[in-house]
Asker: 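Below is the structure I would like to discuss, written out as structure tokens.
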Amino acid sequence: MRNQTKRINVGGVLIGGNTSVKIQSMTTTKTADVEKTAAQITALGDAGCEIVRVAIADENDALALNRLKEKVRLPIVADVHFSPKLAVLAMENGASKVRINPGNIGGEKEIKYVADCVKRHGVPVRVGANTGSIEKQFLQKYGRSEFALVESALYNVGLLEKFGVYDIAISVKASDVPLTVRAYTLLSQKTDYPLHLGVTEAGTYEAGLVKSAVGIGSLLVNGIGDTIRVSLTDDPVKEVYAARQILRACGLDEDFVEVVSCPTCGRCAWESMKLAEKVTEFVKPYRKKAKLAVMGCVVNGPGEAKDADLGIAGGVGSCVIFKKGEPVRKVKAEEAEEEFFKEIRLLLQ
Ligand code: SF4
């Protein structure tokens, strides 16, 4: 059961309120370089990203949003630090949502200035608190803890509400996974605004992937979270594929082709690992619920993978193609790959 949250609309994409968990990512290009940024957003969208965030570091970035919007189909979130003026300029130039960091956007006066513009343009706001920039008064009171993160975020949410803004998403990210999980869990008990999940500064590909999967995944399986962003020091397209894998592992995305493969052992008499990798790569773009199996041996393979719609298991000199655990035909080992791909295409057409 997912936590019930309010629903917000980010440029036509809904977050919260029983809608699917949305995948977000962030561009790494200079936003004012419209051509490069648009190309990256298109690649992110093709990989499955549903909402994209861009850095608004200066006026040129904010002004570029207008032209960028013409070139891409994903809603664009303006990521603003320190400058309420840039937040306003980004909204005036078509941002579908604005992300502010409560630790550096300023006080009540600045929030009111942003809130007035938010109301004029009818866009939602994310209050994105990070451990690295918690406001002093909360740090002094609670130290670097989940309480400081949550109180800081909710204080700023309260200010937005005071000025009439109610379309809000909240995040409370840390690079420490247990702290992130504690913070979101606490936050989910105190608010019904939709939550944007992420582990910040998670690291390079492998470490970042594991930290994000553990942090985001443990929240999602407990029903917490409405939109996710995997942070990797790598190509953001990989963030999107990683986000998709996390949603699938949590049972929140069923329209995909799952490839199961055994780890192999001394009974394996063919190159099943290589084929498993090729098949996994091949099925990535398909949006269809199906299960394929690539198994190391005919002794245990078909039986172990009997819930697969289609599978292959290797023997000495030949392989067996099976469906739901039942052998359908035997193929020569050298033709196994080609024959298996023929069957996969038929299944997925
Ligand atoms: S399917 Fe066969 S090769 Fe793969 S792990 Fe099981 S026994 Fe070993």
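Every number for a ligand or one of its atoms is a count from 1 in the order of the listing. The model shown is predicted, which means the values in this text are computed figures rather than measured ones.
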Asker: Would C297 count as a contact for atom 2 (Fe) of ligand 1, in the sense that one of its N, O or S atoms lies under 2.8 Å from it?
Answerer: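 Yes, within the cut-off.
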Asker: Quick one, F341 with F282, criterion ring-ring contact (aromatic ring centres under 6.0 Å, His included). Give me CA distance, side-chain angles, the key distance, then yes/no.
Answerer: CA-CA 9 Å; F341 271 101; F282 176 79; 5.2 Å; yes
Asker: Salt bridge between K274 and E277, side-chain N to carboxylate O under 4.0 Å?
Answerer: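 Between E277 and K274 there is no salt bridge, as every charged N stays at least 4.0 Å from the carboxylate O atoms.
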Asker: What's the shortest distance from atom 7 (S) of ligand 1 to any protein heavy atom, and which residue and atom give it?
Answerer: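 Going atom by atom, the protein heavy atom closest to atom 7 (S) of ligand 1 ends up being N300 ND2, 3.2 Å.
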Asker: Any idea which of S261, C262, G266 brings a heavy atom closest to atom 5 (S) of ligand 1?
Answerer: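 Nearest option to atom 5 (S) of ligand 1, by heavy atoms: C262.
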Asker: For R267, take its heavy atoms, then give the atoms of ligand 1 lying under 4.0 Å from any of them.
Answerer: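 Matching atoms, with element in brackets: 7 (S).
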Asker: Salt bridge or not for R229 and E239, using N-O below 4.0 Å?
Answerer: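 E239 and R229: salt-bridged.
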Asker: Taking only heavy atoms of E304, which atoms of ligand 1 are found under 4.0 Å from at least one of them?
Answerer: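 Listed by number with element, the hits are 1 (S), 6 (Fe).
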Asker: Charged N to carboxylate O under 4.0 angstrom, D253 versus R248?
Answerer: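 A salt bridge links D253 with R248.
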Asker: State whether C265 contributes an N/O/S atom found under 2.8 Å from atom 4 (Fe) of ligand 1.
Answerer: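 No N, O or S atom of C265 is closer than 2.8 Å to atom 4 (Fe) of ligand 1, so no.
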Asker: Around atom NZ of K288, are there more than 12 heavy atoms of other residues, nucleotides or ligands at under 6.0 Å?
Answerer: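 Result for NZ/K288: enclosed.
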